Amino acid sequence: MRRLLDRFDRAFFAEAPAERLAIVRLLVGAFALVYLCVRAVHLQRVGHLPPEGFRPIGVISVLSAPLPLWAVRGLIGAAIAAGAAFVAGYRFRVSGPLFGALLLWVLSYRNSWGMVFHTENLLVLHVIALGLAAAADAYSLDARRARALSAPPPAPHGRYGWPLRLLCAITVTSYFIAGVAKLRNSGLDWALSDILRNYVAYDNVRKIALGDTHSPLGGALVRYGFLFPPLALASLAMELGAPLALFSRRVAVVFCAAAWLFHLGVLLTMAILFPYPLLGIAFAGFFELEKMRDLRRPRRARPA
């Protein structure tokens, strides 16, 4: 047992450069900030809805009645301000956890008024994990201030490694849970029958009836039933095999590619957009992103 724990400790708390974690902070934080700004008008509209439609979920369950409109708008504005500080790495020990808490609150409050947008769950969990880590020790205003005070540059350390491993663990767990849910609801029939085909057909027919954006490609493909069992099996294998990505870099690359293709397929066949994974940001923790900086540097000519 001790050997197993030591092995886990070495893997989970493996050293990583501060720059790698900082790049992930910039990517995840920038996406979350833009997402909030783009949806700000929509998020505050719930303040105009009848209170009878309020069904609090998650952290919002502490409320017994809706918030006044000024409070809804104030919290959205505070989340945007905290998000800007998160991205800039300003006073990160405060702005990091604060942005995670406000993002969780604002999006949960919106989801307490009807349809739950599960596409936001992974983003919120990643922001919270980064907000609790030393993710602003590089490429940040805090790091610039530390350099001005003659502090040495941060060396690779486990405190920069464990947040990245945690982000990866959160990512693969979310896909694994989706795979388990498919098995619990449908069993192996998910991959051996027309369940996926029926989902695609129903989703597009419903959207056409409601005048919503639908996928002409999905409507055309449902005529060919033989296509869907292999696609369903591939998606199930990707989701149930996701935890293996934590133990092998090569498997991680395959998993990230498979998950990206899965979301691309969902977009093309059902017009459902998962922007966070489709942009690749959800998988940023799996890669040594700081090495991209070195690739951009011109190589010096060797002396003859």
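The structure presented is a predicted model; accordingly, all values stated were derived computationally and were not measured.
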Tyr175 vs Phe255 aromatic rings, parallel, tilted or perpendicular, using cut-offs 30° and 60°? perpendicular
Could you label the plane-to-plane angle of the Phe92 and Phe86 rings as parallel, tilted or perpendicular, counting under 30° as parallel and over 60° as perpendicular? tilted
Under a 4.5 Å cut-off applied to non-hydrogen side-chain atoms, are Tyr109 and Leu63 in contact? yes
Between the side chain of Lys207 and the main-chain N/O of Met270, is any donor-acceptor distance below 3.5 Å? yes
Expected output: side-chain Ser193 to main-chain Trp190 donor-acceptor under 3.5 Å: no
Residue pair Leu43 / Val46: nearest heavy atoms and the distance that separates them: O-CG2, 3.2 Å
Atom of Ala32, atom of Leu123 and distance for their closest heavy-atom approach: CB-CD1, 4.0 Å
Shortest non-hydrogen contact between Leu236 and Gly179, atoms and distance: CD1-O, 3.7 Å
Surrounding OH of Tyr199 (heavy atoms of other residues, nucleotides or ligands, distance under 6.0 Å), is the total greater than 12? no
Non-hydrogen atoms of Val87 and Arg25 that approach each other most closely: O-NH2, 2.9 Å
Do the side chains of Leu261 and Met238 get nearer than 4.5 Å, heavy atoms only? no
What's the shortest heavy-atom distance between Ala282 and Leu122, and which atoms? CB-CD2, 3.9 Å
Over all heavy atoms of both residues, which pair between Ile57 and Ser112 is shortest? Give the atoms and the distance, please. N-OG, 3.1 Å
Side chain to side chain contact (heavy atoms under 4.5 Å, CB included) between Phe228 and Ile195, intermediate numbers included: CA-CA 8 Å; Phe228 289 89; Ile195 292 178; over 6 Å; no
Please verify the inter-ring angle class for His157 with Tyr160; under 30° counts as parallel, over 60° as perpendicular, anything in between as tilted. perpendicular
Got a donor-acceptor contact below 3.5 angstrom from the Arg20 side chain to the Gly161 backbone? no
Please work out whether the ring planes of Phe226 and Tyr224 are parallel, tilted or perpendicular, with thresholds of 30° and 60°. perpendicular
Would you indicate whether Tyr90, at its atom OH, is surrounded by more than 12 heavy atoms from other residues, nucleotides or ligands within a distance under 6.0 Å? no
Neighbour count >12 (heavy atoms, 6.0 Å) for atom CZ, Arg206: yes
Indicate yes or no for a side-chain donor-acceptor contact from Thr119 to the backbone of Phe274 under 3.5 Å, with no hydrogens or angles considered. no
Would you check if the side chain of Ser108 reaches a backbone N or O of Ile60 as a donor-acceptor pair within less than 3.5 Å? no
